[in-house]
*Asks:* 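Sharing a structure with you now.
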Amino acid sequence: MTVGIAAGHPAALFPAAFLVGATSAFIGPALQSHLIESAPGTQLMGAAVNQSAANVANSLGAALGGAAIAAGWGYLSPVWIGAVLATAGFLLAVRSLRPAPATTPAPDPVAA
């Protein structure tokens, strides 16, 4: 979204593009190490799922961005599609942080 806002101002476009790249460079390894730490005994699976998700996101972003340009929405349309996808991902991440509702255990029929 930063790039979309700064696209009309060449002096602002370089720092915006730098911030997008820097953010990507820092988030990837942090996410990878978090997945490895939170998956004891299945670190390789956590790393593989993370890489697979990144590949799916790259291909989905390229396909949707290309479709938007082909539809005649302009060369900045992939930026806004990316902003929508990033917002959806953020909302999913926030949703996954909510604690699960507490459940009461079923009564033990043997003890009754």
*Asks:* Go through it in stages, so that I can follow the logic: the residues are L13 and H9, the test is side-chain contact (heavy atoms from CB on, under 4.5 Å), and I'd like the CA-CA distance, side-chain angles, deciding distance and then a yes or no.
*Replies:* CA-CA 6 Å; L13 189 56; H9 309 286; over 6 Å; no

*Asks:* What are the two closest non-hydrogen atoms of A93 and S96, and how far apart are they?
*Replies:* O-OG, 2.7 Å

*Asks:* Quick check: is W73 connected to L64 through a chain of hydrophobic side chains (ILVMFWY, heavy atoms under 4.5 Å apart)?
*Replies:* yes

*Asks:* Is there a continuous path of hydrophobic side-chain contacts, each under 4.5 Å between heavy atoms, that joins L60 to I69?
*Replies:* no

*Asks:* Would you please name every residue forming a side-chain hydrogen bond (donor to acceptor under 3.5 Å, both in side chains) with Q32, sequence neighbours left out?
*Replies:* N50

*Asks:* CZ/F90 to CG/L85 distance, rounded to the nearest 0.5 angstrom?
*Replies:* 15.5 Å

*Asks:* First locate atom CZ of F18, then atom OG1 of T23, and finally report the distance between them rounded to the nearest 0.5 Å.
*Replies:* 9.0 Å

*Asks:* Closest heavy-atom contact between A6 and A12?
*Replies:* CB-O, 3.6 Å

*Asks:* Are M45 and L31 linked, directly or through other ILVMFWY residues, by side chains that come within less than 4.5 angstrom of each other?
*Replies:* no

*Asks:* Around L44, counting heavy atoms of other residues, nucleotides and ligands shown, do more than 12 lie under 6.0 Å from its CG?
*Replies:* no

*Asks:* So how far is it from Q43 CD to S33 OG, rounded to the nearest 0.5 Å?
*Replies:* 12.0 Å

